[in-house]
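Order of listing sets the numbers, starting from 1, for every ligand and every atom in it. Any value given below was found using the heavy atoms of this structure, including those in side chains, with hydrogens, waters and symmetry copies removed.
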Amino acid sequence: MSSIEHVVVIGLGYIGLPTAAILASNGVNVVGVDVKQANIDAINRGEVPFVEPDLNIQVAGAVSKGMLKATTETPHAEAYILAVPTPFNADKSADLSYIEAAARGMAPTLKGGELVILESTSPPGATQHLANYLIELRPDLSLDEADGKPVIHVAHCPERVLPGRVMIELVTNDRIVGGITPAAAQMASALYQTFCQGQIHLTSATTAEMAKLVENSYRDVNIAFANELSVISDKLNIDVWELIELANFHPRVNILQPGPGVGGHCIAVDPWFIVAAAPEEAKIIRQARETNDAKPQWVIDKVKSHIQGSSGDAVAILGLAFKPNIDDLRESPSVAITAQLAKELPDTKVLVSEPHIETLPKELAEMPNVSLVSTEDAISHAGVVTLLVDHDVFKNLDQALLTSKDVVDTRGIWRHAVDQFQPSPS
Ligand code: SAJ
């Protein structure tokens, strides 16, 4: 077990705050650091500034016991966990500026002997870069015992939890821990054992970085395969969902589901870090990204071709989130599709139903022909109904509402209902 009693978590977002809360609930004194004062104030009141099931109760409990505090200034701790964003630059290489800013906040507090864990999804070499940067800032410290100076232990431990299941997967998932040195990996492993019931696998920092990127690229490539099948099937007048269902009866075939594109801040981003690291070699990974990124425009063209043949002057858009049953709109292809449709069809009313949000995101709210309405209103006032997200509420909809509607179902949830209501193509 870890002897670490004081941890600082830098970056209190979708990963940092759950990690801080779970450490604090397991008896570790945690100080969370973030640049957003409003979030700091919310957390210190025991509130969570975003939606994640069961996180509220853990944050409220940890704050009320005095085990979790939030602040904007980095204090000293025995271990520091960095969970800051790593977006990509215009050339698709990783932007490490948030990691460097966190390092600058932490460096003056170091005394030697501390553990620094990078959790942010990172390109190969980023953990070593962080370690080198810390030593540049603090040349009185070292990464190597043999130097005779006080040592800083640096490791990478990528997060792999699924939004919506974070509080479960933080405990049950296996973890990969990559150390700049074996000692750093051992120390990090002991800290994660405080709350992680999965296995903890030790490796080098660069392999740990790549493992995370490879997991998300694997999923991206497989979704691209499904999306390519949907475009081919449309051309050949085949129902892609029936096709995939049938192919998946093979014991060694498991095709994923096509959709309007890939959203979220991970799967649509991480593969580019591999492409940037090996541009000549990463051919399938690059192609998968391009295939998935092209799907929203394909959906837009499809909806436009339906609108031309439809008498109504409104189109219903069902779903804006990047995946089912959450309120997260980050990098959502549905938001991009809605904005582009509204732009390309300024005289068409775009009636959006997204039951998980109360106000439209700014880019849509500013468009005069876009409004947020109930699902029933969206469908009843539109000639063309476009389903973008397979939320349970849409799956459970009274499908009689779709009678006589021209339906573009990008998720295949109404396949049988639509077949029933629409004349088959002659
Ligand atoms: N999607 C499809 N078809 C599918 C599956 C997903 O179109 O068959 C789309 C979704 O609609 C969504 C996108 O892909 O737009 C991503 O959704 P997701 O549920 O596959 O993944 P994320 O982004 O919520 O979380 C992923 C997870 N990675 C893997 O499953 C390998 C999670 O474990 C990671 O922790 C997370 O990325 C992350 O933070 O990196």
Side-chain angles (χ1 to χ4, degrees), residues 11 13-19 50-53 83-88 94 119-123 156-170 172-176 198 208-231 240-241 244-245 247-248 253-274 285 288-289 291-296 298-299 318-337 356 387-391 394 409-413:
Y14 287 78
I15 300 302
L17 184 55
T19 305
F50 52 87
V51 175
E52 180 60 46
V84 293
T86 39
F88 53 49
E119 275 214 17
S120 315
T121 302
S122 299
H156 181 54
C157 182
E159 63 79 13
R160 300 147 90 206
V161 288
L162 197 71
R165 284 177 48 83
V166 169
M167 300 317 286
I168 299 164
E169 293 202 0
L170 264 181
T172 58
N173 283 4
D174 284 12
R175 297 291 298 229
I176 298 176
E209 288 159 349
M210 270 303 269
K212 162 74 192 198
L213 302 178
V214 162
E215 288 161 13
N216 280 350
S217 298
Y218 171 86
R219 200 150 165 86
D220 198 43
V221 167
N222 282 280
I223 298 169
F225 182 72
N227 277 334
E228 184 165 303
L229 287 183
S230 75
V231 174
V240 69
W241 287 280
I244 291 173
E245 200 175 317
N248 281 349
V253 174
N254 186 14
I255 303 170
L256 293 181
Q257 297 300 304
V262 170
H265 46 292
C266 307
I267 294 187
V269 175
D270 301 358
W272 287 120
F273 295 172
I274 302 182
I285 295 170
R289 269 294 64 243
T291 300
N292 286 333
D293 274 354
K295 195 67 193 294
W298 186 87
V299 173
L318 303 194
L320 287 180
F322 87 85
K323 64 181 200 171
N325 306 325
I326 58 168
D327 67 344
D328 192 340
L329 308 186
R330 287 178 300 168
E331 266 77 49
S332 173
S334 310
V335 174
I337 289 169
H356 299 87
L387 185 283
L388 295 179
V389 187
D390 42 343
H391 288 314
F394 299 146
D409 176 1
T410 68
R411 301 279 186 175
I413 63 169

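Between K295 and T410, the side chains place no donor N or O within less than 3.5 Å of an acceptor N or O (distance only, hydrogens not considered).
Here the heavy atom of the protein found nearest to atom 33 (O) of ligand 1 is R160 O, 2.8 Å. Of all protein heavy atoms, the one lying nearest to atom 36 (C) of ligand 1 is C266 SG, 3.7 Å. In terms of protein heavy-atom proximity, atom 25 (O) of ligand 1 is closest to L162 CD1, 3.4 Å. Of all protein heavy atoms, the one lying nearest to atom 6 (C) of ligand 1 is I223 CD1, 3.5 Å. Counting only heavy atoms of the protein, atom 4 (C) of ligand 1 lies nearest to Q257 O, 3.5 Å. Among all non-hydrogen protein atoms, the one lying nearest atom 34 (C) of ligand 1 is V161 O, 3.5 Å. Looking only at protein heavy atoms, the nearest one to atom 15 (O) of ligand 1 is F322 O, 2.7 Å. Among protein heavy atoms, atom 20 (O) of ligand 1 sits closest to R219 NE, 2.5 Å.
Taking a cut-off of under 4.0 Å to the non-hydrogen atoms of K212, the atoms of ligand 1 that pass are 34 (C), 35 (O), 38 (C), 39 (O), 40 (O). If you number the atoms of ligand 1 from 1 as listed, the ones under 4.0 Å from a heavy atom of P163 come out as 24 (O), 25 (O). When each atom of ligand 1 is checked for a heavy atom of E159 under 4.0 Å away, the hits are 35 (O), 38 (C), 39 (O), 40 (O). The distance from ligand 1 to the heavy atoms of R411 drops below 4.0 Å at these ligand atoms: 7 (O), 11 (O). Those atoms of ligand 1 with a heavy atom of E215 less than 4.0 angstrom away are 31 (C).
Contacts of E331 with ligand 1, taken as heavy-atom pairs under 4.0 Å, are absent altogether. Residue contacts with ligand 1, taken as heavy atom pairs separated by less than 4.0 Å, do not involve H265 at all.
Annotation: salt bridge (Lys or Arg N to Asp or Glu O under 4.0 Å) contacts of E215 (sequence neighbours excluded): R160.
Checked against L388 for a side-chain contact (heavy atoms from CB on, under 4.5 Å), the options I337, V335, L318 give a single hit: I337.
Across every non-hydrogen atom of V166 and P163, the tightest pair is CG2-CA, 4.0 Å. Here the closest heavy-atom approach between residue E52 and residue R165 is recorded as OE2-N, 3.3 Å. The two atoms that bring P158 and A208 nearest to each other are CG-O, 3.8 Å, heavy atoms only.
The backbone N or O of S334 lies less than 3.5 Å from a partner atom in the side chain of S332, making a donor-acceptor pair.
Here the side chains of I326 and V51 are not in contact, with every heavy-atom distance at 4.5 Å or above.
Considering both main-chain and side-chain atoms, E169 never comes within under 3.5 Å of ligand 1 through any nitrogen or oxygen pair. Geometrically, ligand 1 and G263 share a nitrogen or oxygen pair separated by less than 3.5 Å.
Look at T121 and you'll find every heavy atom at least 4.0 Å from all atoms of ligand 1.
Around the CZ atom of F225, the shell of radius 6.0 Å holds no more than 12 heavy atoms that belong to other residues, nucleotides or ligands. With a 6.0 Å radius and a threshold of 12 heavy atoms from other residues, nucleotides or ligands, Y218 has its OH atom at or below the threshold.
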Ignoring hydrogens and angles, write down the donor-acceptor pairs under 3.5 Å from the side chains of residues 258-273, residues two or more places apart or on other chains.
residue	atom	partner	partner atom	Å
H265	ND1	R330	NH2	3.2
H265	NE2	R330	NH2	3.4
D270	OD2	N216	ND2	2.7

